[in-house]
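By convention in this document, chain letters (A, B, ...) are assigned in the order of the sequence lines, proteins followed by strands, and residues within each chain are numbered from 1.
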Protein chains: 2
Amino acid sequence: MTPERKAKAPQPTSVELLWGARNKPTRGPRPGLSLEVIAKAAIEIADEEGLEGLSMQSVASRLAYTTMSLYRYVSGKEQLVDVIYDTALGLPRPAPESGDWRAGVHDWVWGMLGVYKAHPWLLRVTTNSPPLGPNQLAWFEALLHHVSGIGLDEEEVLHLVIFVTCAVRDLARTSSELAQGPQQSGVPAEEMAQDYARAMQDLVGEAHLPVLSKMVAAGTFEPGDGEYNDIMPSLEFGLQRLLDGVDGYVSARGR
Amino acid sequence: MTPERKAKAPQPTSVELLWGARNKPTRGPRPGLSLEVIAKAAIEIADEEGLEGLSMQSVASRLAYTTMSLYRYVSGKEQLVDVIYDTALGLPRPAPESGDWRAGVHDWVWGMLGVYKAHPWLLRVTTNSPPLGPNQLAWFEALLHHVSGIGLDEEEVLHLVIFVTCAVRDLARTSSELAQGPQQSGVPAEEMAQDYARAMQDLVGEAHLPVLSKMVAAGTFEPGDGEYNDIMPSLEFGLQRLLDGVDGYVSARGR
DNA sequence: TAAGCTCGGTATATGGGGTACACAATTTGG
DNA sequence: CCAAATTGTGTACCCCATATACCGAGCTTA
């Protein structure tokens with residue numbers, strides 16, 4: 001009764017696309033494009049101009065095709081973003097297997113930061129799809145690998161991995177956000193940092209923010225190396241304390 | 001020489017708007033709108049329909065005004081988002097002052113989560129402006145208050161606060177993301193979680209992800225309470241370990 | 001009180017983006 | 001060789017953000 005006509009092969013989901021579940025037809029003209037080529041172009045654009053510069057049109061025109069041609073490979077922009085998200089992540093470099101799990105985690109974190117630095121737009125993507133891309137899972141696996149077998153039970157391992165992943169991501173996001181702001185307004189970064197400190201000083205002075213005021217007065221907010229790494233020490237500190245805590249937790253239990 | 005004509009009062013920045021630095025003119029007709037009213041309407045829309053539903057037109061039409069009228073109060077959509085971001089944050093509820101700093105931090109975190117739960121779109125906003133809104137600073141201050149005076153020096157306090165803030169934010173984001181996905185496709189949440197577990201199983205089986213496979217097989221990814229809190233235990237665990245680590249750090253130094 | 005300046009709100013228009021739809025062209029299975 | 005399947009194109013629609021010119025209200029000041 002339901003008029004399902006030809007069943008028409010429902011659009012593959014992002015996950016299916018990423019895992020290569022495309023059915024290769026044999027009729028019709030040879031495809032001039034491919035998901036890979038499209039993704040590559042899209043990533044280049046996002047790298048160069050950020051997510052705002054990424055449009056179906058910009059991708060198509062970089063490939064010298066029509067905008068609509070992309071829709072033969074991707075169900076829409078959202079799916080394209082899903083695809084380039086996982087693609088740009090790439091695979092983590094294989095673990096050094098040092099025997100020191102803390103070093104392993106540290107290494108993973110810096111690898112992750114490297115990816116985010118290479119593709120800052122990753123941090124601006126807000127997707128609705130669960131993390132099931134192959135590369136996303138590979139990164140997940142890599143971190144799991146480092147912290148499994150150190151004395152946590154499986155649930156705790158998972159918790160730790162999720163926590164670290166999230167912390168790194170948002171630290172990186174914040175860092176890149178602070179770095180992005182000045183850049184696009186054409187103001188030199190150094191000056192911007194000074195402005196920030198000054199603004200903070202003004203605002204804090206006039207409100208009831210005692211602790212903050214003291215810190216501002218003490219110069220804790222003075223600009224650091226000017227580059228965009230001002231937040232990395234926070235990551236370093238937080239991560240070390242976290243791992244300290246895990247260390248203590250497992251040795252207290254393992255007694 | 002520079003033709004600066006009338007100087008024309010350059011648009012106030014988002015920060016200026018938020019701190020009430022509006023110059024009240026005395027000429028002209030009485031304003032029918034205000035920043036507050038506009039922000040309220042915008043927040044309502046974002047709460048109801050998410051950020052995608054938020055447009056200058058939707059806000060204006062909710063207020064029964066023209067789209068362009070909003071531009072008398074706000075320089076553009078970006079600034080509007082800046083404003084509602086800080087506004088929706090609201091002020092943290094005053095600290096219980098229990099003397100237990102860990103409890104204080106815990107409290108703060110749950111307060112933050114409450115705000116994110118009330119306005120999930122906060123987690124999707126990608127802004128370019130530094131965190132200088134009054135409410136943002138108030139939350140910052142509140143957390144600073146809890147962890148200052150526990151034996152960390154000022155820089156370390158700042159690092160800890162930044163780290164916690166970021167971790168909470170991205171845990172909440174991930175959680176809300178996982179919750180959002182199914183909701184909009186009309187599929188019941190329970191079923192979606194099952195699908196996720198199953199997809200994971202399929203994908204992991206066919207790849208080289210040993211640790212992950214073992215966890216999947218062991219059922220570590222079985223859906224929990226079905227609601228969206230499946231990630232909260234990770235926050236709880238990570239936060240406790242982090243605070244453990246800080247505890248150890250300060251008592252080791254304080255010797 | 002009259003002139004003039006400001007400012008709130010409107011109407012209109014422009015450019016851009018995402019995507020539905022129908023068609024032209026191309027290849028291959030029967 | 002024809003028919004079906006499939007790629008790429010052209011066109012059109014709708015939504016969005018925003019520039020610009022305008023109208024008219026209401027102070028300010030002469």
Under a plain distance cut-off of 3.5 Å, with no hydrogens placed, do [Y] and [X] share a side-chain donor-acceptor pair?
X      : Y      : result
A:T66  : A:S69  : no
A:D82  : A:T127 : yes
A:S175 : A:D230 : no

Work out which heavy atom in A:D86 is nearest to a heavy atom in A:L18; give both atom names and the distance.
CB-CD1, 3.7 Å

Nearest-nucleotide check on DNA chain D, A:R27 vs B:T67; residue mapping nearer the 5' end is A:R27

Please check if the side chain of A:Y73 supplies one atom and the backbone of A:L33 the other of a donor-acceptor pair under 3.5 Å.
yes

Length of the line joining [X]:[atom1] and [N]:[atom2], which is rounded to integer Å:
X     : N      : atom1 : atom2 : value
A:L63 : D:dG8  : CG    : P     : 11 Å
A:Q57 : D:dC15 : CD    : P     : 17 Å
B:Q79 : D:dA17 : CD    : P     : 15 Å
B:L54 : D:dA17 : CG    : C1'   : 12 Å
A:Y65 : D:dT6  : OH    : C1'   : 14 Å
B:E52 : D:dC14 : CD    : C1'   : 18 Å
A:Q11 : C:dT19 : CD    : P     : 11 Å

Under the criterion salt bridge (charged side-chain N to carboxylate O under 4.0 Å, His left out), I'd like the reasoning laid out for B:R62 against B:E48: C-alpha separation, chi angles, the key distance, then a yes or no.
CA-CA 13 Å; B:R62 166 170 293 233; B:E48 292 165 14; 2.9 Å; yes

Under a 4.0 Å threshold between the charged nitrogen and the carboxylate oxygen, would B:K40 count as salt-bridged to B:E36?
no

Output the single nucleotide from [options] whose closest atom is nearest the side chain of [X].
X     : options                : result
A:S55 : C:dT19, C:dG18, D:dG8  : C:dG18
B:P29 : C:dG9, D:dT9, D:dG24   : D:dG24
A:M68 : C:dT12, D:dT11, D:dC27 : D:dT11

If the cut-off is 4.0 Å, is A:T26 near the phosphate of D:dA5, judged by side-chain N/O to OP1 or OP2?
no

Please check the phosphate of C:dT28 (OP1 and OP2 only) for any side-chain N or O of A:R30 closer than 4.0 Å.
yes

What's A:S69 touching, base or sugar-phosphate or nothing? Going by heavy atoms closer than 4.0 Å.
base

Interface residues of residues 70-77 of chain B with DNA chain D (non-hydrogen, below 4.0 angstrom)
B:Y71, B:G76, B:K77

